[in-house]
Amino acid sequence: MEEQSLQSRDLVEKTPPAAGPPSLSSLGAVFILMKSSLGAGLLNFPWAFQQAGGLLPAFLVELVSLVFLLVGLLILGYAAALSGQPTYQGVVRGLCGPSLGRLCEACFIANLLMISVAFLRVIGDQLEKLYDFLLPSTLTPQPWYTDQRFTLTLLSILVILPLSAPREISFQKYTSILGTLAACYLTLVIVVQYYVWPKGLVREPSFSQSPSSWTSVFSVFPTICFGFQCHEAAISIYCSMRNQHLSHWALVSTLSLLACCLIYSLTGAYGVLTFGAHVSADILMSYPGDDVAIIVARVLFAVSIITVYPIVLFLGRLVLQDFWRRSCRAPADTPGVGVRMLLTVSWVVTTLTLALLLPDLSKVIGLIGGISSFFIFIFPGLCLICAMDVEPLGPKVKCCLELWGVVSVLLGTFIFGQSTVAAFLELF
């Protein structure tokens with residue numbers, strides 16, 4: 001009976017999954033989706049543009065990626081409506097089976113934990129540079145309150161933990177607006193600095209005009225995946241929207257990705273034009289440390305990362321809550337506030353501890369981007385292939401959609417393999 005009801009649904013207008021009363025507006029969904037993308041990857045885009053061999057190859061790679069990124073979001077919304085599940089891992093489990101569902105959960109937790117740790121490290125680095133600017137360089141040793149072990153712990157308790165406590169993701173629309181504006185300020189500073197050229201900024205006009213090899217072009221895919229990884233949050237956002245028609249979801253997804261693409265492209269292009277082949281992997285490290293505009297950009301970018309951390313924690317907590325329900329055979333409307341707060345505190349403590357113990361996470365960005373390819377390419381492709389088994393479509397349409405799913409899975413597998421091998425070679 002359930003399979004027959006699934007088959008009777010129309011491809012364009014699906015019945016929205018019932019996961020509580022949806023309250024998220026379209027504008028709020030756009031901002032949350034944008035903020036999920038505009039994370040620490042923004043700092044790496046100028047370096048990625050240089051690695052790609054210049055502006056033209058970088059733009060082409062970004063545009064090709066954008067097509068798959070957008071289609072992946074549309075597939076996830078379609079799969080959520082088809083399966084009736086409100087979470088990413090639930091959709092994969094419902095359409096592709098329990099084995100792939102468990103694989104999705106494992107990848108989800110590993111990826112989100114690494115992202116959370118990377119976010120905390122970025123925040124700590126920006127605070128460290130701020131203290132270097134505010135305090136005299138002759139002051140040695142540095143005061144105890146400048147130690148990252150104190151500043152990050154205090155920030156996690158007073159700011160990050162309260163922002164991460166709410167039950168629904170729709171609450172993040174308020175902080176997402178602030179975080180998006182803060183990320184836009186960074187892009188604006190990079191563009192303005194190119195034209196103003198303040199004192200102390202060394203001009204490096206030379207940069208690559210063509211890729212050195214085809215592998216250098218593909219090496220930037222992990223950075224793009226790390227930068228545009230809003231797919232983990234896509235299903236939760238979609239199921240929280242008041243208007244859950246797929247045509248409307250397509251509009252929200254397109255507007256969000258186009259806005260993110262503009263911000264990333266301006267940051268990458270002007271970063272390369274300013275510093276050329278000498279651009280740093282962290283674009284802010286290429287600028288003088290005493291520039292007031294750059295200091296403000298550091299503070300606001302830390303604010304931007306602080307606003308995206310709760311979204312990542314929310315998604316990881318959903319996976320842990322699902323696991324808790326299955327383990328305890330609890331009803332769907334549990335766990336309550338106590339379990340939710342316990343999971344939230346545990347997540348913050350774990351990621352904070354890892355962030356303080358691991359001194360440098362720059363070399364694992366490729367690994368994070370590689371795992372992100374599962375959620376951008378592989379799982380959406382598999383969901384599309386499995387969805388064709390329950391959809392009453394014509395043979396030509398079904399063949400085309402299955403072919404797209406296969407291409408998406410193969411591309412994601414290639415990106416994961418290439419980036420993972422490269423990341424491990426850099427680590428060891």
Side-chain angles (χ1 to χ4, degrees), residues 37-63 65-66 118 121-123 125-130 132-133 179-212 216-217 219-224 226-228 258-305 360 362-363 365-366 369:
S37 298
L38 296 174
L42 188 61
L43 299 176
N44 305 110
F45 253 68
W47 174 83
F49 271 42
Q50 172 62 26
Q51 290 293 108
L55 299 183
L56 181 59
F59 282 133
L60 290 177
V61 171
E62 189 178 17
L63 289 176
S65 303
L66 195 64
R121 286 301 308 167
V122 170
I123 295 171
D125 291 342
Q126 306 311 317
L127 292 177
E128 190 176 273
K129 294 297 181 182
L130 176 63
D132 291 342
F133 172 75
T180 302
L181 295 177
C184 291
Y185 176 82
L186 173 63
T187 301
L188 180 63
V189 167
I190 292 174
V191 174
V192 171
Q193 293 279 70
Y194 172 75
Y195 291 105
V196 174
W197 218 279
K199 183 180 178 181
L201 189 62
V202 179
R203 183 181 291 271
E204 297 288 352
S206 60
F207 57 90
S208 301
Q209 298 291 342
S210 60
S212 57
S216 66
V217 177
S219 66
V220 305
F221 270 107
T223 303
I224 293 177
F226 180 60
F228 281 96
L258 287 179
C260 291
C261 183
L262 177 62
I263 294 172
Y264 276 122
S265 299
L266 288 174
T267 304
Y270 278 93
V272 171
L273 290 174
T274 303
F275 298 105
H278 300 280
V279 64
S280 173
D282 179 351
I283 183 61
L284 290 178
M285 298 299 292
S286 299
Y287 291 95
D290 57 351
D291 191 312
V292 177
I294 298 300
I295 293 300
V296 174
R298 289 187 184 280
V299 175
L300 291 180
F301 192 75
V303 171
S304 175
I305 299 300
D360 183 15
S362 61
K363 294 182 179 180
I365 294 298

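- For the pair R121 and D125, the salt-bridge criterion is met [side-chain N within less than 4.0 Å of a carboxylate O].
- For the atom pair CZ of F301 and CG of L42, the computed distance is 5.0 Å after rounding to the nearest 0.5 Å.
- Here F49 and F59 bring their ring centres to under 6.0 angstrom of each other.
- Put simply, the side chain of L55 reaches to within 4.5 Å of the side chain of L273, judged on heavy atoms.
- Nearest heavy atom pair, residue P46 against residue V272, reads O-CG2, 3.1 Å.
- In this structure, the ring-ring contact (aromatic ring centres under 6.0 Å, His included) partners of Y270, at least two apart in sequence or on a different chain, are Y194, Y195.
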Handout entry: Check against side chain to side chain contact (heavy atoms under 4.5 Å, CB included), D282 and V122
Key = CA-CA 10 Å; D282 179 351; V122 170; over 6 Å; no
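- Contact between A293 and D291 at its shortest, heavy atoms only, is N-OD1, 2.9 Å.
- Here the CG atom belonging to L300 is positioned 9.0 Å from the CG atom belonging to L186, to the nearest 0.5 angstrom.
- Ring geometry, Y264 versus F228: the interplanar angle falls from 30° to 60°, so the pair is classed tilted.
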Practice task
Take I190 and Y287 through the side chain to side chain contact (heavy atoms under 4.5 Å, CB included) test and state the conclusion after the steps.
Solution key: CA-CA 10 Å; I190 292 174; Y287 291 95; 3.6 Å; yes
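- One distance of note links CG of L38 with OG1 of T267; it measures 8.5 Å at 0.5 Å rounding.
- A donor-acceptor pair under 3.5 Å links the side-chain atoms of S286 to the main chain of S280, judged by distance alone.
- If you take CG on L188 and CG on L181, they are separated by 11.5 Å, rounding to the nearest 0.5 Å.
- Separating the CD1 atom in I263 from the CG atom in L258 is a distance of 11.5 Å, to the nearest 0.5 Å.
- A pairwise comparison of heavy atoms in A297 and V189 identifies CB-CG2, 4.4 Å as the closest pair.
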Handout entry: side chain to side chain donor-acceptor pair (under 3.5 Å) between T274 and Q193, intermediate numbers included
Key = CA-CA 8 Å; T274 303; Q193 293 279 70; over 6 Å; no
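- Applying the side-chain hydrogen bond (donor to acceptor under 3.5 Å, both in side chains) test to every pair with at least one member in residues 293-304, sequence neighbours left out, gives these pairs: K35-S304, Q126-R298.
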